Trainee: 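Pasting in a structure now, in structure tokens, and then I'll have a few things to ask.
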Amino acid sequence: MTPDQLPPLRDVIAQHDLGAKKTFGQHFLLDLNLTAKIARLAGDMSDKHAIEIGPGPGGLTRAILAEGARHLTLVEKDPRFLPALAEVGAAYPGQLDIVEGDALEVDETRFMPAGQSVILSNLPYNVGTHLMIKWLESDPIWWTRAVLMFQREVADRIVARVGEKAYGRLAILSQSRASVRLALKVTARAFTPPPKVESAVIVVDPLPADQRFEDLKALEAVTASAFGQRRKILRRSLAQAAHQASTPVDSLIEAAGLDPSARAETIDIEGFQALARAWRAARG
Ligand code: SAM
């Protein structure tokens, strides 16, 4: 079989009885123009090993291969899709590997070459942010770019800047390790079946190693505390983080050089990084 002989996606879905399952967050992309656009956001893949999470019936999978990825590994949790994906593999001999499993539990570094890997995914919404944090936490970061579909509201929270309504934990954690941009807005109608919310594709590029904030665990602790009560001033909202570090809240804020009467949403990313360093220094 050659790529041109692959049956249309709708036929694949009908033949293999691949009705979307809500429990796996399944909404399929069947529009070939759109899947090509998403795959192109990964840049030149001719020297890259790509990984796609949650390929489903394989629309984006086909686009990644058609756009020239040197090699592609798929991670899919729902075994119903495997025969249809194997057909795609037959059209691209030697280029496609399929891993059946939960992407949250897979150790990608076992098969993805560091510095030559790109991630693409129309993510299941319920696991999307967990996966992104997992990839951002990897040390060293093994991927050079991630192209990820999120529900629009989550994408907005990832790319938000200080002062914007969506600014919070997700923006601070993501932008401390990577530069992020919203690349494509996608309407609910583009999916089969359409989800209840709009979506967007973001492009995530890891920052150069010497600019990445190293201690995401500390950053998670201080942002969880500060944004857990985002309307309160820092002296109050950081009580939990100060308690965890066994230090008075005022000392923590002073060590970070911040104003105790400011609110979390007005503190920029560098401010939170200073707070994370002070928290780590106090906690050890
Ligand atoms: N990529 C396909 C497309 O664009 O048409 C399907 C997208 S659908 C939103 C999400 C896919 O992720 C489904 O195929 C689902 O079975 C799979 N999935 C859900 N949770 C997963 C997990 N934890 N690990 C791997 N795949 C998962």
Side-chain angles (χ1 to χ4, degrees), residues 6-42 50-67 69 72-89 96-108 110-112 118-135 138 143 146-155 183-202:
L6 283 168
L9 282 166
R10 284 189 193 280
D11 294 0
V12 170
I13 291 171
Q15 269 165 22
H16 294 274
D17 196 17
L18 299 176
K21 274 196 194 166
K22 258 199 178 155
T23 43
F24 281 164
Q26 292 173 353
H27 301 278
F28 306 138
L29 289 173
L30 308 181
D31 174 346
L32 301 184
N33 287 323
L34 181 58
T35 50
K37 247 190 208 171
I38 296 171
R40 267 183 234 129
L41 289 171
I51 181 168
E52 186 195 355
I53 309 302
L60 183 57
T61 312
R62 294 185 189 193
I64 296 168
L65 289 163
E67 287 301 320
L72 174 61
T73 299
L74 307 174
V75 181
E76 175 56 64
K77 189 173 172 180
D78 183 347
R80 294 182 308 145
F81 293 113
L82 303 187
L85 295 169
E87 284 174 17
V88 180
L96 189 72
D97 292 329
I98 306 175
V99 177
E100 181 189 345
D102 185 334
L104 286 166
E105 277 156 29
V106 166
D107 174 8
E108 301 90 347
R110 281 191 296 116
F111 46 83
M112 298 302 291
V118 289
I119 305 172
L120 295 101
S121 188
N122 171 14
L123 292 166
Y125 291 146
N126 50 351
V127 293
T129 48
H130 293 287
L131 279 172
M132 195 181 68
I133 298 291
K134 172 187 155 188
W135 294 325
S138 59
W143 44 282
V147 177
L148 311 173
M149 178 88 77
F150 281 101
Q151 67 190 80
R152 179 66 199 280
E153 177 253 328
V154 175
L184 197 63
K185 294 176 190 167
V186 184
T187 67
R189 287 193 314 277
F191 299 88
T192 306
K196 289 204 179 73
V197 292
E198 304 292 292
S199 298
V201 180
I202 63 164

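Each ligand, and each atom within it, is numbered from 1 in the order the structure gives. Values below: every heavy atom of this structure, side chains too, minus hydrogens, waters and symmetry copies. This is a predicted model, so every value here is computed, not measured.
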Trainee: Might you list the protein residues in contact with ligand 1, defined as having a heavy atom under 4.0 Å from one of its atoms, sorted by chain and number?
Mentor: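 Contacting ligand 1 under 4.0 Å are F24, G25, Q26, H27, F28, L29, E52, G54, P55, G56, V75, E76, K77, D78, F81, G101, D102, A103, N122, P124.
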
Trainee: Supply the atom-to-atom distance T73 OG1 to I119 CD1, rounded to the nearest 0.5 angstrom.
Mentor: 11.5 Å

Trainee: Check whether any side-chain heavy atom of F111 sits under 4.5 Å from a side-chain heavy atom of I51, and report yes or no.
Mentor: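 SC-SC contact between F111 and I51 confirmed.
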
Trainee: Answer yes or no: is there a donor N or O on one side and an acceptor on the other, between the side chain of K196 and the main chain of A188, under 3.5 Å?
Mentor: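 Between the backbone of A188 and the side chain of K196 there is no qualifying donor-acceptor contact (under 3.5 Å).
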
Trainee: Do the side-chain N and O atoms of D78 and Q26 include a donor-acceptor pair separated by under 3.5 angstrom?
Mentor: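 Yes, a side-chain donor-acceptor pair sits under 3.5 Å.
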
Trainee: Does a side-chain heavy-atom distance below 4.5 Å link W135 with L148?
Mentor: yes

Trainee: M149 pairs by side chain to side chain contact (heavy atoms under 4.5 Å, CB included) with which of I38, L184, L120?
Mentor: I38

